[in-house]
2 protein chains.
Amino acid sequence: MDTIPKQTLMRLPNYYNFIKGLQNSGIRNISSPAIAKELNLNEVQVRKDLAAVSQIGGKPKMGFDIGELLNSLEHCLGYDNVNDAVLVGAGQLGRALLTYKGFETYGMRIIAAFDTDEGIIGTEISGKRVFPADSLFDLCPRLKVHIGIITVQDSCAQGVCDKLVKSGILAVWNFAPVHLTVPDHILVRNENMAVSLAVLSKHLKEKMISGDVPEGEV
Amino acid sequence: MDTIPKQTLMRLPNYYNFIKGLQNSGIRNISSPAIAKELNLNEVQVRKDLAAVSQIGGKPKMGFDIGELLNSLEHCLGYDNVNDAVLVGAGQLGRALLTYKGFETYGMRIIAAFDTDEGIIGTEISGKRVFPADSLFDLCPRLKVHIGIITVQDSCAQGVCDKLVKSGILAVWNFAPVHLTVPDHILVRNENMAVSLAVLSKHLKEKMISGDVPEGEV
DNA sequence: ATTTTATCAGTAAAAAAATATTGATTGGAG
DNA sequence: CTCCAATCAATATTTTTTTACTGATAAAAT
């Protein structure tokens, strides 16, 4: 497979979730029109997206083999490699992530947490030990971790980010709603909860204006 | 302003975060090349994006006025309307969202939570009351809420979603890693934490293969 | 066995987005 | 006051992505 289009890559998780669900229902095959309908996409687009990842192809009248498809998607999304991450900021959100079961399904693992609060340093959350923030420099290289998750307060985020970078982290998943300045070779993914919700709301509003709400209650 | 391109809309939050940060530092103007550099975008693209939302424009040698820009972005993203949402599933993640301070900055508010666990029904989390799941039907219409947040276990997600739809919800923010089937007029936004992390990891791996890691430690 | 229908794959066309180019405008330097 | 460098705006070009079309294939129906 040569380079997959960016937009396609962004749709892949949707395909994966949907198809995974089908598998659990015991279904063995699925056609692109069927996928397209459920995911509100174009039938041809679905076929092309799938072709870009799977190269085995589907059969007329039968569609694609679900098992095959999932394998291809997993491989393409890199779910089949184990990957470790560390988390900084064991507050409410940090704890939620530490407790979150879903990661393992996708081969991801948060192996340790860091915080400055003396009260929680040394405790365990969902089996993961909480270390003092300063031990980042020491532990990250030793554990060969390359992904850092930032769930600290806005005001500390840049400082924590700098520390992570110094510790050899290469990718950052940032939950603080601030812009992080990083060296060029560092990958940053911003997860701004508030923005996500606001954007959803914005979309809803647009939809309501363009007028396809059923009942008269707005 | 006529219809803003989808891709532009997706970049808007990044601009907003970055520029907001500048404002807090007391800076008054910013040029598109400067923004482009920081956000790793094309200078012209930034200018076009900003033109699509602001229509006031910038001045040569000075760039854009930050206050003006923020107003336009806020308006465009709908941050200036108060919007209410309800949350179903007061588990670890649900509680994290209920506690999350960031929403109010963007005019969003979670006004109530729902759960089936007798132990937490009736309690308050961060000032929000937890109601029994069945009262959704009653409360949602009364509160005129149109956004529902799903933070329940995978197996319950579809059921909860159906209930929300029945209660008059129009948009769903789904944190369960499953595909939700909904009527056409319902907007679904999937937030799959595990996938997000996996995708970040995937990107990192690609970057490492294409070979621009500085030190020899991989 | 032949026809029908659903579906796939590959190519072509259209649309959308990103990038490059050119000329205009403005604040400051000489 | 004139020139220069920075930056904007508008138009043009290229690239990417989406959609449309055509013919092929295979299961099911006649």
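Sequence lines set the chain letters: A, B, ... in the order given, protein chains first and strands last, and positions in each chain run from 1.
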- request: Encode nucleotides 23-30 of chain D as B, S and - characters from 5' to 3', where the letter depends on protein heavy atoms closer than 4.0 Å: B to the base, S only to sugar-phosphate, - to neither.
  value: --B-S---
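Atom C1' of nucleotide D/dA6 and atom CZ of B/Phe64 are separated by 13 Å, given to the nearest angstrom. Following rounding to the nearest Å, B/Arg47 (CZ) and D/dT7 (P) show an atom-to-atom distance of 9 Å. At whole-Å resolution of the value, CD in B/Glu43 and C1' in D/dA6 are 10 Å apart. The separation between B/Ile56 atom CD1 and D/dA9 atom P is 11 Å, rounded to whole Å.
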message: Go through it in stages, so that I can follow the logic: the residues are B/Val88 and B/Lys163, the test is side-chain contact (heavy atoms from CB on, under 4.5 Å), and I'd like the CA-CA distance, side-chain angles, deciding distance and then a yes or no.
response: CA-CA 10 Å; B/Val88 188; B/Lys163 275 189 187 175; over 6 Å; no
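Applying the ring pair (Phe, Tyr, Trp, His ring centres under 6.0 Å) test to A/Tyr16 and every residue at least two apart in sequence or in another chain returns A/Tyr79, A/Tyr106. With sequence neighbours excluded, the residues that form a side chain to side chain contact (heavy atoms under 4.5 Å, CB included) with A/Asn42 are A/Val44, A/Gln45. Under the salt bridge (charged side-chain N to carboxylate O under 4.0 Å, His left out) criterion, B/Arg28 pairs with no residue at all, not counting sequence neighbours. Shown here are the side chain to side chain contact (heavy atoms under 4.5 Å, CB included) partners of A/Thr105, two or more places apart in sequence or in another chain: there are none. By the salt bridge (charged side-chain N to carboxylate O under 4.0 Å, His left out) test, B/Lys128 pairs with no residue at all, sequence neighbours left out. In this structure, A/Asp162 has no salt bridge (charged side-chain N to carboxylate O under 4.0 Å, His left out) partners at least two apart in sequence or on a different chain. With sequence neighbours left out, the side chain to side chain contact (heavy atoms under 4.5 Å, CB included) criterion links B/Ile27 to B/Leu22, B/Ser25, B/Ile66.
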Every protein N/O within reach of nucleotides 13-18 of chain D N/O, cut-off under 3.5 Å:
from: D/dT17; atom 1: OP1; to: A/Lys6; atom 2: N; distance (Å): 3.4
from: D/dT18; atom 1: OP1; to: A/Arg11; atom 2: NH1; distance (Å): 2.8
from: D/dT18; atom 1: OP2; to: A/Arg11; atom 2: NH2; distance (Å): 2.8
from: D/dT18; atom 1: OP2; to: A/Gln45; atom 2: NE2; distance (Å): 3.3
from: D/dT18; atom 1: O5'; to: A/Gln45; atom 2: NE2; distance (Å): 2.9

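Within residues 13-31 of chain A, no residue is approached by DNA chain D to less than 4.0 Å at the level of any non-hydrogen atom.
Chain B approaches DNA chain C over the interval C/dA17 to C/dG27, counting the first and last nucleotide 5' to 3' with an atom under 4.0 Å from its heavy atoms.
Interatomic distance, A/Ile30 CD1 to A/Gln23 CD, rounded to the nearest 0.5 Å: 12.5 Å. We find the CG-CG distance between A/Asn40 and B/Asp184 to be 6.0 Å, quoted to the nearest 0.5 Å.
At most 12 non-hydrogen atoms from other residues, nucleotides or ligands lie less than 6.0 angstrom from CZ of B/Arg109.
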Under 3.5 Å, side-chain donor or acceptor atoms of residues 93-102 of chain A against the rest of the protein: list the pairs with distances, not counting sequence neighbours.
from: A/Arg95; atom 1: NH1; to: A/Ala90; atom 2: O; distance (Å): 2.9
from: A/Thr99; atom 1: OG1; to: A/Arg95; atom 2: O; distance (Å): 2.6
from: A/Lys101; atom 1: NZ; to: A/Thr99; atom 2: O; distance (Å): 3.3

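At distances below 3.5 Å, not a single donor-acceptor pair connects side-chain atoms of A/Lys166 with backbone N or O atoms of A/Phe137.
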